Number of protein chains: 2
Amino acid sequence: MFTYLPTMNHNLLLESISKHIQLEDNEQQHFLSYVQVKKVKKKEYLLMEGEVNHYAMFVNSGCLRSYTMDKNGFHYIQQFAPEGWWIGDMYSLITKEPGKLCIDALFDSELLLISRVNLDRVYKEIPKFNFYFRVLAEKSLVSFQTRAMENLSLHAKERYEKFCFRYPTLIDKISQKQVAAYIGVTPEFLSKMLHKDPKVNSDFFDVD
Amino acid sequence: MFTYLPTMNHNLLLESISKHIQLEDNEQQHFLSYVQVKKVKKKEYLLMEGEVNHYAMFVNSGCLRSYTMDKNGFHYIQQFAPEGWWIGDMYSLITKEPGKLCIDALFDSELLLISRVNLDRVYKEIPKFNFYFRVLAEKSLVSFQTRAMENLSLHAKERYEKFCFRYPTLIDKISQKQVAAYIGVTPEFLSKMLHKDPKVNSDFFDVD
DNA sequence: ATTTTTAGTTAATCTATGTTATTTTTTTTA
DNA sequence: TAAAAAAAATAACATAGATTAACTAAAAAT
């Protein structure tokens, strides 16, 4: 049977898991034997459009992003994954088909990878991981349900505010261009939006 | 121990479950003892904004919809749930907090309800339901991830086409008003979009 | 350190979609 | 089946955000 000694690299992940399920020592070691550490440089790709995604990725440090591209080369960012977040192309992971997402690193990052194959083993051998990933999937679902509605109903300014709220640690670390691709406007429009003087309140001069 | 004889009302649900997990007869009966049948009339509410959602709902026949409202009274439809679909306010179900969704019936419908409390019992007593609902949550997640991106990147015409593809059984059953609220345009604009002649190709007359 | 590349700013013009209002058609209810 | 209510169609006008282009500032690469 595989075992693996937990190292500092695993702290963040084990912490996330322990919030939802309790693992015996041997279960923890067994699980970690399926996990591999990977370091990537800024701009390095973890997944390109049309590839099958073989790994669920947990971000230990740094930040990843997943995005799609349209025929004009425009980017639309589906998700940022700063420290402590999971990321992957769920469609491709589930179906084992090539996906439409690209995933790359916004900064030098350290990741923990678990392959789809090993994840299936984990589900079989330590069934309570079904509980852990069910809860995670449900939370992520709520978040994307909310964003799908926000993207229909809110103006760019309001979507910007939601972004700031959702990723408070990123606002001053990533470029406006990335934020624009997340809220779905052109960088030119975002720039204008952030610089235009708040409209002067002209009520003071209203007559009648 | 609770048991319950499966009736015709449960066929569709049991079929959905058996696609993902295999239940022993006693597990099936145990599970069904937690499920109640409910019939609702067209326009009847299952959940109103600000209420806590106590039930996950499975649609046996008819169709439900979940939606949010903005301050101007505009509706934004998060999901239709025709026959064989689950629906609920996942945020409220998870957190037990009041949610922002309304859920009501577009037609007379028959539902199977399982309360949050009983669902927690099911997870504990028949752990493989964690697998079933994990897989469902993951599929639903993919669907909402995709829609969130589509709502940013596609024009109304394309969102209309995606709607037709996603709910092929609904196109000729629900009003344009509902479709407009799903794709995020005004009913006036949708009407114009569907009636405007496809632009005549004037290239033939181009000079130089 | 200098060059090259990328990101951000600004502004004029354009377009997809919203707004308001009126009329017609369809559906629901009495 | 008539009356009332809701949905759909149409059209004139308004606006949020896109497009294009030129310029400046900041990073990255040599």
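None of these values were measured; they are calculated from a predicted model.
- Note on ring orientation: taking the six-membered ring where Trp is involved, the planes of A:Phe133 and A:Tyr123 are perpendicular (angle over 60°, cut-offs 30° and 60°).
- The OG atom of B:Ser16 sits 12.5 Å away from the CG atom of B:Asn11 when rounded to the nearest 0.5 Å.
- At a non-hydrogen distance threshold of 4.0 Å, B:Phe74 from residues 64-82 of chain B come into contact with DNA chain C.
- We find that NZ of A:Lys192 is positioned 17 Å from C1' of D:dC23, with the value rounded to whole Å.
- Counting only residues at least two apart or on different chains, the side-chain hydrogen bond (donor to acceptor under 3.5 Å, both in side chains) pairs with a member in residues 179-190 of chain B are B:Arg147-B:Tyr182, B:Arg166-B:Tyr182.
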Please tabulate, for side-chain N and O atoms in residues 100-112 of chain A, each donor-acceptor pair with protein atoms closer than 3.5 Å (sequence neighbours left out).
unit_1	atom_1	unit_2	atom_2	d
A:Asp104	OD1	A:Arg65	NH1	3.0
A:Asp104	OD2	A:Arg65	NH1	2.7
A:Asp108	OD1	A:Lys42	N	2.7
A:Ser109	OG	A:Cys63	N	3.0
A:Ser109	OG	A:Phe107	O	2.7
A:Glu110	OE1	A:Lys39	NZ	3.1
A:Glu110	OE2	A:Asn60	ND2	3.2

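- In this structure, B:Arg116 and B:His54 have side chains that are not in contact, with every pair of non-hydrogen atoms separated by 4.5 Å or more.
- Read 5' to 3', the first and last nucleotides of DNA chain C with an atom closer than 4.0 Å to a heavy atom of chain B are C:dA16 to C:dT28.
- Here the CG-CG distance, from A:Leu14 to A:Leu23, works out to 7.5 Å after rounding to the nearest 0.5 Å.
- To the nearest 0.5 angstrom, A:Leu32 atom CG is 7.0 Å from A:Leu13 atom CG.
- For the pair A:Pro187 and B:Glu188, both in contact range of DNA chain C, the more 5′-proximal nearest nucleotide belongs to A:Pro187.
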Pairs under 3.5 Å (N/O, protein and nucleotides 28-30 of chain D):
unit_1	atom_1	unit_2	atom_2	d
D:dA28	OP1	A:Lys42	NZ	2.9

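- When the side-chain contact (heavy atoms from CB on, under 4.5 Å) test is applied to A:Leu194, the partners found at least two apart in sequence or on another chain are A:Tyr160, A:Gln176, A:Leu190.
- End-to-end axis angle of the helix from C:dA1-D:dT30 to C:dA30-D:dT1, using five pairs per end and rounding to 10°, comes to 60°.
- In this structure, B:Arg159 has no side chain to side chain donor-acceptor pair (under 3.5 Å) partners at least two apart in sequence or on a different chain.
- For the pair B:Leu93 and B:Tyr55, the minimum side-chain heavy-atom distance is 4.5 Å or more.
- If you measure from atom NZ of B:Lys177 to atom P of D:dA8, you get 8 Å, rounded to the nearest angstrom.
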Pair up each side-chain donor or acceptor in residues 136-145 of chain A with any protein partner under 3.5 Å, not counting sequence neighbours, and list the distances.
unit_1	atom_1	unit_2	atom_2	d
A:Glu138	OE1	A:Arg134	NH1	3.2
A:Glu138	OE2	A:Arg134	NH1	3.1

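- When side chains are defined from C-beta on, A:Val52 does not count as touching A:Glu97, because their heavy atoms never get closer than 4.5 Å.
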Per-pair distances, 0.1 Å, donor-acceptor, side chain in residues 78-91 of chain A, under 3.5 Å, sequence neighbours excluded:
unit_1	atom_1	unit_2	atom_2	d
A:Trp86	NE1	A:Tyr132	OH	3.2
A:Asp89	OD1	A:Tyr91	N	3.1
A:Asp89	OD1	A:Ser92	N	3.1

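- Residues B:Ile114 and B:Phe58 fail the side-chain proximity criterion, which asks for heavy atoms closer than 4.5 Å.
- Note: CG (B:Leu194) to C1' (D:dT10) measures 14 Å, nearest angstrom.
- Residue A:Thr186 places at least one side-chain N or O under 4.0 Å from the OP1 or OP2 atom of D:dA18.
- Separating the CD atom in B:Gln29 from the OH atom in B:Tyr34 is a distance of 13.5 Å, to the nearest 0.5 Å.
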Considering only distance and modelled atom types, tabulate donor-acceptor pairs under 3.5 Å from the side chains of residues 67-77 of chain A, sequence neighbours left out.
unit_1	atom_1	unit_2	atom_2	d
A:Tyr67	OH	A:Tyr45	OH	3.1
A:Asp70	OD1	A:Asn72	N	3.0
A:Asp70	OD1	A:Gly73	N	3.2
A:Asp70	OD1	A:Phe74	N	3.0
A:Asp70	OD2	A:Tyr76	OH	3.4
A:His75	ND1	A:Gly73	O	3.1

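- Between B:His195 and D:dT10 there is a side-chain polar atom (N or O) within less than 4.0 angstrom of OP1 or OP2.
- Residue B:Gln176 contributes atom CD, which lies 18 Å from atom P of D:dA6 at whole-angstrom precision.
- Rounded to whole Å, the distance from CG on A:Leu190 to P on D:dA16 is 16 Å.
- Across residues 155-175 of chain A, A:His155, A:Ala156 each have a non-hydrogen atom less than 4.0 Å from an atom of DNA chain D (numbered order).
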